[in-house]
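As structure tokens, the structure follows; a few thoughts come after it.
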Number of protein chains: 2
Amino acid sequence: MIDMVSARKKMELFPSACRGAGLKVTPQRVAVYGMLLKTDSHPSAEEVYHVIRAAIPSISLGTVYKILDTLHNQGFLRRVATSRQTARYDARVEPHHHTLCEQCGKIQDVDVALEPELVHLEKSTEDFRVKIPEVVFHGTCGDCAQPAPVVH
Amino acid sequence: MIDMVSARKKMELFPSACRGAGLKVTPQRVAVYGMLLKTDSHPSAEEVYHVIRAAIPSISLGTVYKILDTLHNQGFLRRVATSRQTARYDARVEPHHHTLCEQCGKIQDVDVALEPELVHLEKSTEDFRVKIPEVVFHGTCGDCAQPAPVVH
DNA sequence: GTGGCTGCAAAGCTTTTGCATGTTC
DNA sequence: GAACATGCAAAAGCTTTGCAGCCAC
């Protein structure tokens, strides 16, 4: 479920945040960031590309990759940890966690704070600076758990 | 740090565990599994391939991929969650967690139980069957945190 | 002997790179 | 106008697939 208030705020701040980071405000960047703010499906680069093409038909997949990389490096986006080949993106940079369906790859948000344990864990990892602690719940989603339909 | 006692036990049980799962016991499989038991570096398929080649020069990369896939499907291996393209493997299937260096990709084990919180988290995710809860600590490892050496 | 496994090569998917052109500031 | 971003195409990286021959059981 998306927090539209927070999403709108981020969208409003985006242009000045870009300029503050030395990035130019292009329609492509705005569209990619806006799209990621409006979804909770943690799309891949390819999925972002297909959605953006509806609004900006001239955009290229390579540009989408470059934008995702730039926004990730600047901290506008998170790359969700998965055990698959394809990168998945998330504009919610606030601490939260994910379920990952090993069958279909679906990623869902898990909004549970992990404070007391986290402090403990961070202390235990000397020689490593933790930026984002993320719990990945590997498993099977509701759709994939259902018995396969009988084919006659 | 590797628990050699546990690793030796697993190696001894491997042949019968394979047969029990309907898998044949081939030198290639034994070598791949044995190699992963002896390391805590969470190697990629390519890295496994290079090590195994020293013992079995005829092995091919495709075979390594197939073996890793088979052993993962049968629960002998975990695929570690990362935010990179390359899959990383772990023969320690018992619950434990990882640090992930966003710079160099290094993965290290974090051995802290997460029991009380986990129960809480599992309850909170209806419609999803959790198999493995894994904490990924995204951040920067000691080597990458060091200031770049001055070049004259 | 049979079914499954290996080795090889080709193909597929995801991502990166280089460069000319276009756009933001 | 300068610096940066885009679009395009080629290439690189990782993984899967198909098939003939081989091996474990």
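Just so it is clear: chains get the letters A, B, ... in the order the sequence lines come, proteins before strands, and each one is counted from 1.
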Roughly what angle, to 10°, lies between the helix axis at the start of the helix from dG1(C)-dC25(D) to dC25(C)-dG1(D) and the one at its end, five pairs per end? 40°
Could you tell me whether the side chain of Thr39(B) and the main chain of Leu36(B) form a donor-acceptor pair under 3.5 Å? no
Answer with base, sugar-phosphate or nothing: what part of the nucleic acid does Thr86(A) contact at a heavy-atom distance below 4.0 Å? sugar-phosphate
Students should find this one: the first and last nucleotides of DNA chain C, 5' to 3', lying under 4.0 Å from a heavy atom of chain B. What are they? dG3(C) to dT15(C)
Going by atom types only, do Glu134(A) and His97(A) share a side-chain donor-acceptor pair under 3.5 Å? no
Quick check on contacts: within residues 36-60 of chain B, what sits under 4.0 Å from DNA chain D by heavy-atom distance? none
Measure from CG on Leu68(A) to C1' on dA5(D) and round the result to the nearest Å. 14 Å
Whole angstrom is fine here: how far is it from CZ in Arg19(B) over to C1' in dA24(D)? 9 Å
What's the verdict on side-chain contact (heavy atoms from CB on, under 4.5 Å) for Thr86(A) and Arg84(A), showing C-alpha distance, side-chain angles and the deciding distance? CA-CA 6 Å; Thr86(A) 312; Arg84(A) 301 176 151 244; 5.5 Å; no
Got a sec, which pairs hit side-chain hydrogen bond (donor to acceptor under 3.5 Å, both in side chains) with one end in residues 25-35 of chain B, sequence neighbours left out? none
Between the side chain of Arg78(B) and the main-chain N/O of Glu94(B), is any donor-acceptor distance below 3.5 Å? yes
Would Val30(A) end up clustered with Val93(A) when hydrophobic side chains under 4.5 Å apart are linked, directly or stepwise? no
Please state how far atom CG in Leu61(A) lies from atom P in dA11(D), giving the value in whole angstrom units. 18 Å
Let me confirm one number: the CG-CZ distance from Leu71(B) to Phe76(B), rounded to the nearest 0.5 Å. 6.5 Å
Rounded to the nearest 0.5 Å, what separation is found between the CD atom of Gln74(B) and the CG atom of Leu23(B)? 5.0 Å
Below the 4.0 Å mark, does dT15(D) have OP1 or OP2 next to a side-chain nitrogen or oxygen of Tyr65(B)? yes
Measure the OG-CG distance between Ser83(A) and Asp90(B) for me, rounded to the nearest 0.5 Å. 12.5 Å
We want to know whether Asp111(B) and His96(B) form a side-chain donor-acceptor pair, criterion being a heavy-atom distance below 3.5 angstrom. no
Need to verify one output field. Residue with the more 5' nearest nucleotide on DNA chain D, Gln85(A) or Leu23(B)? Gln85(A)
Under 3.5 Å, which N/O atoms of the protein pair with N/O atoms of nucleotides 18-23 of chain D?
{"residue": "dG18(D)", "atom": "O6", "partner": "Lys66(B)", "partner atom": "NZ", "Å": "2.8"}

Using a 3.5 Å cut-off and no angle test, enumerate the donor-acceptor pairs between side-chain atoms of residues 48-61 of chain A and protein atoms at least two apart in sequence or in another chain.
{"residue": "Tyr49(A)", "atom": "OH", "partner": "Arg53(A)", "partner atom": "NH1", "Å": "2.5"}
{"residue": "His50(A)", "atom": "ND1", "partner": "Glu46(A)", "partner atom": "O", "Å": "3.1"}
{"residue": "Ser60(A)", "atom": "OG", "partner": "Thr63(A)", "partner atom": "N", "Å": "3.2"}
{"residue": "Ser60(A)", "atom": "OG", "partner": "Thr63(A)", "partner atom": "OG1", "Å": "3.0"}

Pairwise distance CG(Leu100(A)) to CD1(Ile107(A)) - rounded to 0.5 angstrom: 5.5 Å
Whole angstroms only, please: what is the OH-P distance between Tyr33(A) and dA5(D)? 17 Å
Examine the side chains of Gln108(B) and His98(B) and answer whether a donor and an acceptor come within less than 3.5 Å of each other. no
